[in-house]
Amino acid sequence: MKKTGILGSTGSIGTQTLEIVRNNSDLQVTALAAGSNVKKIEEQIREFSPRLAVLFDEEAARELRLRVADTKTEVLGGMEGLLEIAVMEEMEVLVTAIVGMIGIRPTIAAIEAGKTIALANKETLVTAGHIIMPLAKKNNVSILPVDSEHSAIFQSMHGENKSRVSKILLTASGGPFRGRKKEELADITVEDALKHPNWSMGRKITVDSSTLVNKGLEVIEAKWLFDVPPEKIQVVVHPQSIIHSMVEYVDGGIMAQLGMPDMKLPIQYALFYPDRRPMDGKRVDFFELSSITFEKPDMETFKGLALAYEAIKAGESMPTVYNAANERAVALFLDKKIRFPEIYELIEGAMGNHKAADAPSVEEILGAEAEAYEYINIRYQKMHR
Ligand code: NAD
Ligand code: MG
């Protein structure tokens, strides 16, 4: 029986993880956590009977405690609750499917407690990769990627000598606005940005895909996960999303992982690694597909990617500013308070305002986050006076 905790159980990755639990009787859920969705986590508690459930929102946690008083599940709230899950004695694997930097502390605590991490929460690696990766090594803990591209890279490196990697080819769908020019971005609505051509995902990451910030975050994520410098990570736009990423070796050979765009495969691969379990679903039909195509990313129009490379170059605290400014800007865009191109303006402004330093501590990372938020608040006021 593999005992699993899920941070972010009510979200897109979280609910797909639970689908895999349903289909594999040797997986057991010991803990669930979410932000504030009482109704959904109550349903999950009744179906999966975890020992512990956490809602970050304390008031929602109080309500949940009353609602599931007839069950054996203990309910906690806040960061304290998330940290309690991270160190649960019986848990073996922690799926980190929370959205945002809030994942940093629970992930660190779980690594220190020796738990295997199935990592979806890319913002944690982007901002604290220099802490997470050495800590995992020291504690002999595996960080298994759930992000589809990183899972593809991981699968393409399986059994290979990592020192023989010459390049990572990170594929990107290009998002819903691929092919548009700069002047065509101003009128993009929230509804447009939430229509991803190939993947069904949470709202924030869907907007991030349309700005190419998601790909930028993934370049930084890949740098930490696979210990490759950014100049060896090349983004290739591949609109059909069938090749999930590739690895080129020193002899020119390229290994790739292909499949239908379905997050359940990378989630399941991380949960059973190195085994492969059967999974239902549509298979790639190459005759139906007829062609797969490739393009260079348009980094001038979709600045999200170029800014990520800049952030890496600037120093280890800069990706935090890149990420935090983006989190805030995307929230403003989703609230229809700013226009699409202003997402880039806010990220660029926050990065320009920050003095980068290497090896920031968790406190310094949170400080850089707060600084970026403050910058955006002021800048936003000025924009909309
Ligand atoms: P989502 O918005 O669908 O779900 C987020 C989950 O996190 C929800 O359960 C929410 O309740 C929970 N949450 C939010 N704030 C919280 C807090 N403070 N405390 C506890 N829980 C909190 O997001 P998603 O699309 O599932 O993405 C989750 C993570 O996985 C993100 O980092 C994203 O970049 C990454 N990811 C997602 C996909 C995808 O297909 N959805 C693919 C690759 C990577
Ligand atoms: Mg991805």
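What you see is a predicted model; the values in this text were computed from it and never measured. Side chains are part of it too, since the values below use all heavy atoms of this structure and drop only hydrogens, waters and symmetry mates. We count ligands from 1, going down the list as the structure has it; atoms in each ligand are counted the same way.
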*For atom 34 (O) of ligand 1, find the nearest protein heavy atom and state the residue, atom name and distance (0.1 Å precision).*
K122 CE, 3.2 Å

*Is Q268 reaching over with its side chain to a backbone N or O of R277, donor-acceptor style, under 3.5 angstrom?*
yes

_Heavy-atom gap A33 to ligand 1 smaller than 4.0 Å_ = no

_Applying a heavy-atom cut-off of 4.0 Å, say which part of V99 lies close to ligand 1: side chain, backbone, both or neither._
both

*If you look at E218, which of its N/O/S atoms is nearest to the Mg ion (ligand 2)?*
OE2

*Closest by any non-hydrogen atom to atom 3 (O) of ligand 1: pick that one out of S200, S12, G103.*
S12

*Report yes or no: does T73 contribute a side-chain atom to a donor-acceptor pair with the main-chain N or O of I45 at less than 3.5 Å?*
no

*Could you pull out, from V126, I98, I13, D262, the option with a heavy atom nearest to atom 29 (C) of ligand 1?*
I98

*Which atom, counting only N, O or S, brings D147 closest to the Mg ion (ligand 2)?*
OD1

*asked:* Starting from atom 33 (C) of ligand 1, what is the nearest protein heavy atom, named by residue and atom, and what distance separates them?
replied: I205 CD1, 4.0 Å

*Looking only at N, O or S atoms, find the one in E149 nearest to the Mg ion (ligand 2) and name it.*
OE1

*Relative to ligand 1, is E123 under 4.0 angstrom through side chain, backbone, both or neither, heavy atoms considered?*
side chain

*asked:* Taking 4.0 Å as the limit for heavy-atom contacts, which would you say applies to M263 with ligand 1: side chain only, backbone only, both, or neither?
replied: side chain

*Say whether, by atom type as modelled, one donor and one acceptor occur between the side chain of E248 and the main chain of I254 under 3.5 angstrom.*
no

_I need the nearest protein heavy-atom contact for atom 25 (O) of ligand 1: residue, atom name and distance, please._
G202 N, 3.0 Å

*Would you tell me which option among S9, G77, G35, G81 has the nearest heavy-atom contact to atom 10 (C) of ligand 1?*
G35

*Establish whether Y375 and Y380 are linked, either directly or via other cluster members, by ILVMFWY side-chain heavy-atom contacts under 4.5 Å.*
yes

*Examine R328 relative to Y373 and say whether NZ or CZ is less than 6.0 Å from the centre of the six-membered ring and inside a 45° cone about the ring axis.*
yes

*At what distance is the nearest protein heavy atom to atom 9 (O) of ligand 1, and which residue and atom is it?*
T10 OG1, 2.7 Å

*So which heavy atom in the protein is nearest atom 4 (O) of ligand 1, and how far is it from that ligand atom?*
G11 CA, 3.1 Å

*Could you tell me whether the side chain of S245 and the main chain of T171 form a donor-acceptor pair under 3.5 Å?*
yes

*Output the list of atoms in ligand 1 that are nearer than 4.0 Å to some heavy atom of G8, sorted by atom number.*
6 (C), 7 (O), 9 (O), 12 (C)

*What's the shortest distance from atom 28 (C) of ligand 1 to any protein heavy atom, and which residue and atom give it?*
A97 O, 3.3 Å

*What protein heavy atom sits nearest atom 19 (N) of ligand 1, and how far away is it?*
F56 CB, 3.1 Å

*Measure the distances from the heavy atoms of G14 to every atom of ligand 1 and state whether one is below 4.0 angstrom.*
no

*Taking the minimum heavy-atom distance to atom 30 (O) of ligand 1, which of G78, S209, A120 ranks first?*
A120

_Distance-only polar pair, side chains of Q381 and N377, donor-acceptor under 3.5 Å_ = no

*Do the ring planes of F333 and F340 sit parallel (below 30°), tilted (30 to 60°) or perpendicular (above 60°)?*
perpendicular

*Do you know which of T17, N24, L18 makes side-chain contact (heavy atoms from CB on, under 4.5 Å) with I20?*
N24

_So for K204, does at least one of its heavy atoms come nearer than 4.0 angstrom to any atom of ligand 1?_
no

_Using 0.5 Å steps for rounding, measure from the CG atom of L94 to the CE atom of M91._
4.5 Å

*Return yes when N121 approaches ligand 1 closer than 4.0 angstrom through a heavy atom, no otherwise.*
yes

_A34 and ligand 1 - part of the residue with a heavy-atom distance under 4.0 Å_ = both

_Heavy-atom side-chain proximity of E42 to L64 below 4.5 angstrom_ = yes

*Scan side-chain atoms only and decide if S156 and Q257 contain a donor-acceptor pair under the 3.5 Å cut-off.*
no

*Main-chain N/O of E123 paired to T127 side chain as donor or acceptor, under 3.5 Å*: yes

*Nearest neighbour in protein (non-hydrogen) for atom 43 (C) of ligand 1*: D147 OD1, 3.0 Å

*Does Y273 have its ring centroid less than 6.0 Å away from the ring centroid of F154?*
yes

